[in-house]
Amino acid sequence: MAESLSPVRVRFAPSPTGHLHIGGARTALYNYLLARKTGGQFILRIEDTDRKRYVPGAEEEIIRGLRWLGLEWDEGPDKGGPYGPYRQSQRKEIYQQYARQLIEEGKAYYCFCSPQRLEAVRQGQLSRKESPHYDGTCRRLNPDEAQARASAGEPHVIRFKTPQEGTTTVTDLLRGEISVENRVLDDYILVKSDGLALYHLAAAVDDHLMKITHVIRGSEWLPTFPLHGLIHRAFGWEEPVWVHLSVFLKPSGKGKMSKRESAELIKDGYSIFIKDLQSLGYLPEAVVNWIALMGWSYDDHTEFFTMTDLIEKFSLERLNPAPAAINFTKFDHFNGLHIRHLSVDELAVRVKPFLTEKGYTVSDEILLKVTPLIQERLHTLDEAPEIAGFFFVDEVQPAVEELIVKDMSIHQSYELAERILQILRDLPDMKLSTAEPAMRQLVEETGLKPAQVFGLVRVAVTGQKVSPPLFESMEIIGKEKVIHRMEKAVALLKRMAEQAATQA
RNA sequence: GCCCCCAUCGUCUAGGGGACCAGGACGCAGCCCUUUCAAGGCUAAAACGGGGGUUCGAAUCCCCCUGGGGGCACCA
């Protein structure tokens, strides 16, 4: 494999205009994996040349999200590096210098057209059903004259002088050669009137200066990909290996997730935003595993991957160019898999905040005993309070109707509960090894079904119809509390039975 | 409207001319295990969008159609 031989330099270059989502995270992941696999560098570059769309705090959120996922970079705005600065807003002069070079070489030109005129041109083209593009007015200007006007301070942008004839062919690693006729390409703006470069120029310059060997980015760049090739060639730079990742589609597979749909997902306990995932009970390990497999595969059967596995096994060759619909139920599945893969100690650490957040007072000693019991029952960490909250309270509040045993009357249930209580009281302790045989013996003697007897105990002791294994739970709760909870259930049933009798 | 990309079970995918009456996974259904719920095991249903070629032979190569997606900003 070629990429395993030479170290790559790759970058994740988000713009701080919104939340880091799973699509961006997956792009970052693939870049990271390739860097780690080859012993190269993974660079974080902030593409903040558009101050109008800049969202305060977005950069911090990206950084936090990447770190949570375990995607640490080697060079970036917060830690520097030999090719900094790594924030494009701080590289304005660099881009201007390269733009000037293109102008001097006749490969770019000043454009003085106002946004209003441009809009009018566009509308005219649209109404004539032509594809909107710059009409080339300033392209025909005398260069010296244009230089003079620009130097005099007349507002202007700098446009790339796209060849008007012939075709441009660029090569994407996953798709092969992509050709477009140059006449359908526009004279794209390279530098805005505020003097800041647009993506096309900034990214090309940075990728060159930062010695990026592989550009792995989203497929939204495919339409302007030929332009990027053209820019590199105009400078005479060697092109990086270009890899355009497929997009993520909404679960139905019909189109991209809209802003509103993304926001509404959280109602169902899901999110495409990395910032939401932790509190929703997801493990970063699971997120990584899940997104790695949307657009990449290792073989025809391996699906469980740790980061270490991925670093070892990842390869660009196995990337899939087809769009992928997001599958959240599979996400849950991976989360369960990784929860079960954690050590008990580690899982306890991760579960604890979800318990305390719900108001439970959690002793580590008990938590460590409880964790093995819930480990294979959890799909997301936030399910822990619901499943295991009863371990961390003094009393439980069973619903009276749930205490009534299946196929038995209230009175019969009461009598059974009374008998269970007596047996439990007589036990020397409340161990799995003592309580279970005692209860099984009762089942034997009464001829009842195990589910009937155990069900009553379960509701009385845990307050729930569904719980972790009963006798293990009782051992953790301890004899004193178990007896207390059982007494309460007996009292409850007794009252109910008496009520029923008087009504009859 | 123009340009570009993509196309295997509902979804994620394996498959890169014969090994495919197409394999795995999620989900779904059934069964086993079982004190509940899980987890685990087993079984089932479920796909090569259509049409032309090329070839002795196509899911695999080519073309067209269709469908889907993305883009056409002084956003990235």
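Numbers restart at 1 for each chain; the letters A, B, ... are given by sequence-line order, proteins then strands.
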[X], nearest nucleotide to its side chain (from [options]):
X        : options                : value
A:Ser297 : B:rA14, B:rC37, B:rG40 : B:rA14
A:Phe471 : B:rC74, B:rU35, B:rC6  : B:rU35
A:His200 : B:rC12, B:rA76, B:rC4  : B:rA76
A:Leu337 : B:rC74, B:rU13, B:rG40 : B:rG40
A:Ser467 : B:rA76, B:rU36, B:rA14 : B:rU36
A:Leu198 : B:rA76, B:rC12, B:rA7  : B:rA76

Integer angstrom distance from the [atom1] of [N] to that of [M]:
N      : M      : atom1 : result
B:rC21 : B:rC3  : P     : 41 Å
B:rG23 : B:rA45 : P     : 11 Å
B:rC48 : B:rU8  : P     : 11 Å
B:rC5  : B:rG10 : P     : 27 Å
B:rG71 : B:rC62 : P     : 27 Å
B:rU60 : B:rC2  : P     : 29 Å
B:rC63 : B:rU13 : C1'   : 28 Å
B:rU11 : B:rG27 : C1'   : 8 Å

For nucleotides 67-72 of chain B, tabulate all protein N/O to nucleotide N/O atom pairs closer than 3.5 Å, reporting atom names and distance.
| unit_1 | atom_1 | unit_2 | atom_2 | d |
| --- | --- | --- | --- | --- |
| B:rG69 | OP1 | A:Gly255 | N | 3.3 |
| B:rG70 | OP1 | A:Lys256 | N | 3.3 |
| B:rC72 | O2' | A:Pro132 | O | 3.4 |

No-hydrogen, no-angle side-chain donor-acceptor test under 3.5 Å, [X] and [Y]:
X        : Y        : answer
A:Gln97  : A:Glu93  : no
A:Asn335 : A:Thr380 : no
A:Asp382 : A:Tyr282 : no
A:His228 : A:His200 : yes
A:Tyr86  : A:Asp206 : no
A:Thr162 : A:Arg139 : no
A:Gln147 : A:Ser151 : yes
A:Tyr199 : A:Asp50  : no

### Residues A:Arg51, A:Asp194: salt bridge by 4.0 Å N-O rule
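Salt bridge: yes.
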
Going by side-chain hydrogen bond (donor to acceptor under 3.5 Å, both in side chains), name the residues that satisfy it together with A:Glu59, two or more places apart in sequence or in a different chain.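 Expected list: A:Arg87.
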
Determine the contact category for [X]: base if any of its heavy atoms lies under 4.0 Å from a base atom, sugar-phosphate if only primed atoms, P, OP1 or OP2 are that close, otherwise nothing.
X        : result
A:Lys192 : base
A:Gly295 : sugar-phosphate
A:Ser193 : base
A:Pro469 : base
A:Glu303 : base
A:Leu470 : base

Please state how far atom [atom1] in [X] lies from atom [atom2] in [N], giving the value in whole angstrom units.
X        : N      : atom1 : atom2 : value
A:Met474 : B:rU35 : CE    : P     : 15 Å
A:Lys250 : B:rU11 : NZ    : P     : 15 Å
A:Ile158 : B:rC74 : CD1   : P     : 15 Å
A:Asp300 : B:rG23 : CG    : C1'   : 6 Å
A:Trp290 : B:rU13 : CH2   : C1'   : 15 Å
A:Glu317 : B:rG15 : CD    : C1'   : 17 Å

Check your understanding: Starting at the 5' end of RNA chain B and moving along, which residue's nearest nucleotide shows up first, A:Ser114 or A:Arg458?
Key ->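 Between the two, 5'-proximity favours A:Arg458.
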
TODO: Select from A:Lys465 and A:Glu130 the residue whose nearest nucleotide in RNA chain B is closer to the 5' end of that strand.
DONE: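 Closest to the 5' end, via its nearest nucleotide, is A:Glu130.
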
At under 4.0 Å, does any side-chain N or O of [X] touch on OP1 or OP2 of [N]?
X        : N      : value
A:Lys406 : B:rU36 : no
A:Arg440 : B:rU35 : yes
A:His333 : B:rC26 : yes
A:Asn320 : B:rA14 : yes
A:Arg318 : B:rG15 : yes
A:Arg217 : B:rA76 : no

In residues 48-57 of chain A, which ones come under 4.0 Å of RNA chain B, going by heavy atoms?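 Hits under 4.0 Å, by residue number: A:Thr49, A:Asp50, A:Lys52, A:Arg53.
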
Residues of residues 375-393 of chain A with a heavy atom under 4.0 Å from any atom of RNA chain B, listed by number, are A:Glu376, A:Arg377, A:His379

Under a 3.5 Å limit for both distances, which nucleotide forms a Watson-Crick or G-U wobble pair with [N], could you say?
N      : value
B:rA7  : B:rU66
B:rU36 : none
B:rA22 : none
B:rA14 : none
B:rC48 : none
B:rG57 : none

Residue [X] excluded, over 12 heavy atoms near [atom1] under 6.0 Å:
X        : atom1 : value
A:Arg117 : CZ    : yes
A:His19  : NE2   : yes
A:Glu119 : CD    : yes
A:Arg128 : CZ    : yes

For A:Glu402, what residues pass the salt bridge (charged side-chain N to carboxylate O under 4.0 Å, His left out) criterion, not counting sequence neighbours?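 A:Glu402: no salt bridge (charged side-chain N to carboxylate O under 4.0 Å, His left out) contacts found.
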
field: Contacts of type salt bridge (charged side-chain N to carboxylate O under 4.0 Å, His left out), residue A:Arg440, not counting sequence neighbours
entry: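 Salt bridge (charged side-chain N to carboxylate O under 4.0 Å, His left out) check on A:Arg440 returns A:Glu436.
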
